[in-house]
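For reference, the structure discussed in these notes is given below.
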Amino acid sequence: MQDQTWTAAELVALDLEGTGAQDRQNEAILEIAVVPLAEGRPDMGAAWHSIVNPGRWIRPRPWISPGLSGAALTNAPNLDALRGSIAEKLHGRILVGHNIGVDWRLIHLRLPDIEPAGLIDTARLVRHLRPDIKRWNLTVLLAQYGLEDEVKALVPDGQPHRALWDTVGAALVLAELVGRLPDKADTSLATLRRVAGLLHQPERENEDQLTLDLQSDAP
């Protein structure tokens, strides 16, 4: 199936908001959004997102978005209640995100039974196409490619650095960047995986040492 066009592949955009990598093995998921892609576009009719009660009090921190700390999470479902829904939406799919390796590390840490079919990183795709760009921040890219208004239209109640906004933003950035690849009319999934894919290795014994290796260019 690697010769199929990328728009025909079963791609799912994903973003998590967590307590931060400094918490290491204690990092908790605070919010998750999953948006399937249909013909390369975010399928908002099938979009799903939820805040998550981490089971402990989360104090405000500069890197934690407003609405994801303190009492705001008290009445949210916990991860156990969401486990089945998340697995159904992610297992066996190709996951797309901006710096998707960060999201995959946290998913694998908290939901190790989930096994995606692959990972596509829009940040890596930017580096492939525009090595001159020094900042690959998603918000900056959305502004640079004139996609901010489209994200606002699709996520009218959202904001940057919240899961649904960033998930939809990554999906739109993916389509924009793929459109700039050579032979864009017939871009295959194999090409996309070669230039923007990451390998995932969920069987590593020590999750502290979990890293994400760039996918080889070799077939």
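Annotation for S65 and E17: closest pair OG-OE1, 4.3 Å, computed over non-hydrogen atoms. In terms of heavy-atom proximity, E31 sits nearest to A163 at OE1-N, 3.1 Å. Counting all heavy atoms, side chain and backbone alike, V151 lies closest to G169 at CG2-CA, 4.0 Å. Smallest separation of non-hydrogen atoms from H98 and D121: C-OD1, 3.8 Å. Residues I64 and R59 share a closest heavy-atom pair of CD1-O, 4.1 Å. Considering every non-hydrogen atom in both A46 and P36, the closest pair reads O-CD, 3.5 Å.
Taken to the nearest 0.5 Å, the CD1 atom of I51 stands 9.0 Å off from the OG1 atom of T74. Note that CD1 of I107 is 5.5 Å distant from CG of L14, once rounded to the nearest 0.5 Å. Atoms CZ and CG, from R130 and L125 in turn, are 12.0 Å apart once rounded to the nearest 0.5 Å. Taking CD from E148 and CH2 from W165, the interatomic distance works out to 7.0 Å, rounded to the nearest 0.5 Å. Between R124 atom CZ and L177 atom CG the span is 13.5 Å, to the nearest 0.5 Å. Between atom CD1 of residue I120 and atom CG of residue L37 there is a gap of 11.0 Å, rounded to the nearest 0.5 Å.
Considering only heavy atoms from C-beta on, L95 comes within 4.5 Å of L90 through its side chain. At a threshold of 4.5 Å between non-hydrogen side-chain atoms, the residues L141 and E176 do not count as touching. L172 has its side chain within reach of L154: a pair of non-hydrogen atoms, C-beta onward, lies under 4.5 Å apart. Contact check for L174 versus L192: side-chain heavy atoms found under the 4.5 Å cut-off.
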Notebook entry, point to check: Can you list the steps and then say if W48 with I32 is a side chain to side chain contact (heavy atoms under 4.5 Å, CB included)?
Noted result: CA-CA 8 Å; W48 176 85; I32 180 171; 3.7 Å; yes
Margin query: Checking S188 against T5 for the side chain to side chain contact (heavy atoms under 4.5 Å, CB included) test, could you report, in this order, the C-alpha distance in whole Å, the side-chain angles of both residues, the deciding distance, and whether it holds?
Written below: CA-CA 4 Å; S188 68; T5 59; over 6 Å; no
Margin query: Before you tell me yes or no, could you show the steps for V168 and M44 under side chain to side chain contact (heavy atoms under 4.5 Å, CB included), namely the whole-Å CA-CA distance, both residues' side-chain angles and the distance that decides it to 0.1 Å?
Written below: CA-CA 9 Å; V168 171; M44 299 308 295; 3.7 Å; yes
Check: After noting the C-alpha distance and the side-chain angles of I94 and L119, does the key distance pass the side chain to side chain contact (heavy atoms under 4.5 Å, CB included) rule?
Finding: CA-CA 6 Å; I94 298 173; L119 306 173; over 6 Å; no
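Here the side chain of T19 pairs a donor or acceptor atom with the backbone of A28 at under 3.5 angstrom. For the pair R105 (side chain) and I100 (backbone), a donor-acceptor distance under 3.5 Å is absent. Put simply, the side chain of H91 never gets that close to the backbone of I114: no donor and acceptor are under 3.5 Å apart. Between the N99 side chain and the V102 main chain, no donor and acceptor come within less than 3.5 Å of each other. Of the possible donor and acceptor atoms, none in the side chain of T167 sits under 3.5 Å from a partner among the backbone N and O of V35. In this structure, the side chain of D103 engages the main chain of L16 through a donor-acceptor pair within 3.5 Å. Judged purely by atom type and a 3.5 angstrom limit, R93 uses its side chain to pair as donor or acceptor with the backbone of E88.
When hydrophobic clusters are built by joining Ile, Leu, Val, Met, Phe, Trp and Tyr residues whose side-chain heavy atoms come closer than 4.5 Å, directly or via intermediates, W63 is grouped together with L73. L181 is connected to L11 through a chain of hydrophobic side-chain contacts under 4.5 Å among Ile, Leu, Val, Met, Phe, Trp and Tyr, so both are in one cluster. A single hydrophobic cluster is not seen to contain both I58 and L79; linkage of ILVMFWY side chains at heavy-atom distances under 4.5 Å, directly or through other members, places them apart. No chain of hydrophobic side-chain contacts below 4.5 Å, direct or via other Ile, Leu, Val, Met, Phe, Trp or Tyr residues, connects I86 to L30. The cluster map of Ile, Leu, Val, Met, Phe, Trp and Tyr, joined by side-chain heavy atoms under 4.5 Å apart, puts L129 and I133 in the same cluster.
Shown are V155, L142, L138; of these, the side chain to side chain contact (heavy atoms under 4.5 Å, CB included) with D166 is made only by L138.
Between R56 and D23, at least one side-chain N (NZ, or NE/NH1/NH2) sits under 4.0 Å from a carboxylate O, which counts as a salt bridge. With salt bridges taken as basic N to acidic carboxylate O contacts below 4.0 Å, one links R41 and E150. One finds no salt bridge joining D132 and R127 here, because no Lys/Arg side-chain nitrogen approaches an Asp/Glu carboxylate oxygen to under 4.0 Å.
The ring of W104 has its center closer than 6.0 angstrom to the ring center of H108.
Shown here is Q22, whose CD atom has more than 12 heavy atoms of other residues, nucleotides or ligands within 6.0 Å.
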